[in-house]
Amino acid sequence: MERTAAGLISRAAHELGLRADELTAEVEQRLRHELPALWEDPDVARTAAENVVEHVVAALAGLEHAIEPDLIELPSADVERARVLARHGTPLSAMLRAFRLAEEIVLDRLFAELPRLSQDAEQISAAARQLNVVSTKYVDRVSEQGVRAFQAERDRRLRWRSAMVNESSMCIGTTLDIARTTQELADFATEQFADLVTVDLLDTVLRGQDAAGQSPLTLRRMAQGPDADAGGLQPPVRPQQLHVCPEGSPCAEALSSGRPSRQQHGRASGVPRAHSTLVVPLRARGTTLGVAEFHRYGTAKPYDDEDLLLAQEIAVRAAVAVDNACHYTHARATALTLQRSLLPREAPRQSAVDVAYRYLPAGSESGVGGDWYDVIPLSGARVALVVGDVVGHGIRAAATMGRLRTAVRTLADIDLPPDELLTHLDDVVLRLANEASSDPDTDPEADVGRDNGATCLYAVYDPVARRCTLARAGHVPPVVVVRDGTADVLELPPGPPLGRGGLPFETMEVDLPEGSLIALCTDGLIEARTPARATGEAPSAPATVIEDSTPTRATEDRTPDIDAGLATLRQVLARPAPSLEAACDSVLEALLPSRPDDDVALLLARTRSLGADRVATWELEADPAVVARARSDVSRKLTDWGLEELAFVAELVVSELVTNAIRYGRPPIRLRLIHDRSLLCEVSDAGSTTPHLRRARVFDEGGRGLLLVAQLAGQWGTRHARRGKTVWAELSETAEFPALAFE
């Protein structure tokens with residue numbers, strides 16, 4: 001019998017130490033029953049088992065040799081094991097609960113040993129009290145050390161997770177491109193915590209539709225990482241392929257519930273060799289966009305709750321970026337569809353110029369803008385060439401562009417000179433600005449006046465006179481290349497942007513020999529900042545540069561970028577090209593980056609001419625007697641041109657137009673026939689009175705002339721010049737003339 005309580009404890013600890021294997025097995029069994037979470041993960045289970053063995057042995061050794069609790073040597077790996085538990089996401093309460101359960105079992109066995117070793121109740125009671133004190137101090141010491149190590153590791157993990165989340169915010173969503181954004185998610189995750197990542201988006205989301213009620217769900221593989229075959233672990237679905245999400249699969253559960261999950265083994269996710277998988281839905285603004293799956297294989301440890309939380313936080317930020325990209329893509333597609341629907345689909349038939357054109361939407365995040373071009377046939381075989389640029393981007397800019405293009409066509413139909421047309425167009429822009437400012441749905445913070453601004457270049461080419469008349473409203477000037485290869489920037493008078501109001505526009509007339517090339521473009525082409533790519537050397541300064549005194553968005557301050565862009569444009573156009581289409585391609589290749597920051601509209605026109613053999617002109621006296629002679633002259637000329645079938649109708653039309661000019665106009669009077677795709681009849685006089693079509697009453701002796709012209713001609717109209725007017729009519733050999741009936 002031991003004489004002291006300490007001796008009794010030492011003897012009991014020695015006896016129990018002989019059966020340490022049984023004791024540790026009992027402790028482990030109890031822990032498995034009470035704390036099953038410690039045994040789910042292999043690494044955590046191994047750590048828990050090692051903890052049981054080493055602490056039981058250390059505690060019994062300290063009791064056997066009567067070592068003070070503060071001096072008992074703790075297992076050397078104890079701190080690292082606490083860190084392992086923290087890294088695996090084991091709750092701190094589970095670790096402390098394990099210590100207390102182990103203490104309880106060991107004390108119970110020691111208390112059971114004491115009566116077998118001593119019959120002295122007082123000694124047994126003293127030993128029991130001392131055991132309680134020693135065990136409590138030992139467990140408190142172990143717990144304090146474990147908590148410090150556990151919390152330090154938890155803090156480190158939290159800092160690392162926060163750093164990863166912050167880094168993901170910078171790495172994911174750098175653009176508004178859906179494919180690139182999803183690939184950034186896949187690349188980031190494979191660099192940090194996954195061996196293989198797949199990102200799938202609902203096909204309905206990509207098409208801007210509602211997926212409600214769809215079963216099974218159809219997904220499109222948008223990205224995966226790494227790009228190369230990761231040890232034969234590539235999934236069967238490749239990027240941009242459609243695949244079905246089977247009902248009941250972890251993917252389907254994540255999409256339907258919006259909750260992530262951890263999966264052991266990868267068969268459910270289509271990656272058989274993956275031993276651990278995180279399935280995380282991508283949700284933003286209450287909408288499920290798709291799902292991301294993070295796989296581990298080989299020797300990598302399985303995912304734990306900490307990894308799942310990290311994947312969730314990264315997925316939340318990635319989903320917002322993907323949602324922004326989807327909204328941008330859908331809005332861009334809508335604006336681009338609207339923009340292209342408002343642009344001419346093909347050049348109209350005309351003989352004045354050969355044309356080629358290009359429109360490229362902005363490749364940057366700014367979106368589709370309001371650039372436009374147009375080719376408008378005019379009377380007298382002339383043609384109008386138009387290029388414009390509306391301030392801003394998006395659907396609003398595209399819609400404004402459509403309204404301005406329609407206005408230009410309407411004003412062109414009444415044959416206004418370029419400067420007058422721009423003046424009327426300026427009024428249109430001002431009205432649009434006023435409408436926008438009074439719209440209750442308009443953002444009060446928006447600068448509606450600025451958003452409705454625009455620039456425009458309007459040119460009219462006459463193939464008979466071989467002359468081009470131009471005016472610009474804040475737009476970049478055109479480049480002209482004559483047949484000898486000389487390329488110059490036209491010195492057009494400066495004009496303010498549309499929407500300023502009250503400021504005049506000026507025209508300029510230039511003679512263009514047949515075969516001249518005129519290039520009209522928007523500022524997005526010449527401000528693309530890659531001018532040296534055309535020739536491989538720094539561009540020289542342009543031969544002719546217009547210093548615009550009016551600041552504009554398109555030509556504001558004539559920056560070096562604009563000068564360099566114009567210089568490069570001149571260089572490219574001066575080089576021979578097999579066709580206008582090839583010239584367009586050369587210009588875009590030389591001046592544009594792969595993703596231009598602004599919309600680009602380019603219009604190239606090569607001039608043609610109508611020679612003297614296709615035009616006939618007569619100066620007429622203001623005498624009714626000349627009408628018969630004019631009819632005879634017209635008949636002979638049509639016979640020379642082989643247009644005898646039009647002779648009768650042409651004589652009637654010319655007779656009426658000449659008679660009106662003699663009666664209501666002022667001399668000099670001129671008759672002109674133009675043999676183009678159709679026969680054009682023009683009668684000019686110095687009067688400013690515009691003839692109007694009216695219905696003659698039964699007993700009226702006149703008033704039927706223009707009605708006759710309107711019925712016989714395919715088109716007719718009046719255009720005004722600086723002095724006088726021209727009434728014209730277009731006759732076609734294929735036209736079907738109606739029977740003429742007058743009451």
Side-chain angles (χ1 to χ4, degrees), residues 36-37 40-44 88-89 168 172 182-183 185-190 192-206 211-226 230-284 286-298 300-319 322-323:
E40 292 177 354
D41 186 282
D43 286 346
V44 176
H88 282 77
S168 71
I172 303 172
T182 53
Q183 189 61 51
L185 169 59
D187 292 342
F188 179 81
T190 52
Q192 303 298 335
F193 64 95
D195 296 319
L196 177 67
V197 179
T198 61
V199 183
D200 299 314
L201 298 183
L202 289 167
D203 190 52
T204 51
V205 170
L206 294 173
Q214 183 182 3
S215 181
L217 296 172
T218 301
L219 299 170
R220 183 178 293 276
R221 177 63 47 83
M222 295 302 300
Q224 66 184 45
L233 194 65
Q234 290 293 342
V237 180
R238 295 293 182 176
Q240 297 305 319
Q241 286 185 347
L242 291 174
H243 62 102
V244 173
C245 185
E247 294 186 17
S249 64
C251 171
E253 291 294 330
L255 291 172
S256 61
S257 66
R259 293 190 296 271
S261 64
R262 271 192 302 144
Q263 306 293 324
Q264 302 303 323
H265 310 297
R267 299 185 184 277
S269 300
V271 186
R273 287 185 54 195
H275 64 71
S276 185
T277 297
L278 300 178
V279 182
V280 183
L282 299 175
R283 288 180 55 83
T287 301
T288 300
L289 309 175
V291 63
E293 297 185 7
F294 308 88
H295 306 277
R296 281 182 178 172
Y297 65 94
K301 69 181 183 67
Y303 286 116
D304 54 36
D305 290 338
E306 286 284 310
D307 295 319
L308 182 59
L309 185 58
L310 172 62
Q312 282 182 266
E313 293 180 345
I314 292 175
V316 166
R317 286 158 176 78
V322 170
D323 187 56

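Scope of the values below: all heavy atoms of this structure, side chains included, with no hydrogens, waters or symmetry mates.
Within the model, atoms CG of Leu206 and CE of Met222 stand 5.5 Å from one another, a figure rounded to the nearest 0.5 Å. Here the straight-line distance linking atom OG1 of Thr288 with atom CG of Leu201 works out to 11.5 Å at 0.5 Å rounding. Here Leu196 contributes atom CG and Thr190 contributes atom OG1; the two are 8.5 Å apart, rounded to the nearest 0.5 Å.
Arg220 places a side-chain N or O within 3.5 Å of a backbone atom of Gln240 that can act as its donor or acceptor partner. Between the Gln183 side chain and the Gln224 main chain, a donor and an acceptor come within less than 3.5 Å of each other. The closest donor-acceptor contact from the side chain of Arg262 to the backbone of Tyr303 lies under 3.5 Å. Checking side-chain atoms of Asp203 against main-chain N and O of Thr218 turns up no donor-acceptor pair under 3.5 Å.
Listed here is the closest heavy atom pair of Ala319 and Leu289: O-CD1, 3.5 Å. Here the closest non-hydrogen pair linking Leu308 and Ser261 is CD1-O, 4.1 Å. The shortest non-hydrogen separation linking Gly248 to Ala252 is N-CB, 4.0 Å. Heavy-atom minimum distance, Asp307 versus Pro302: OD2-O, 4.2 Å. Of all the heavy atoms in Ile314 and Leu185, the pair that sits closest is CG2-CD1, 3.8 Å. Listed here is the closest heavy atom pair of Cys245 and Cys251: SG-SG, 2.8 Å.
For Ser256, the side-chain hydrogen bond (donor to acceptor under 3.5 Å, both in side chains) criterion is met by no residue, not counting sequence neighbours.
No option in Gln263, Arg296, His295 other than His295 meets the side chain to side chain donor-acceptor pair (under 3.5 Å) test with Thr277.
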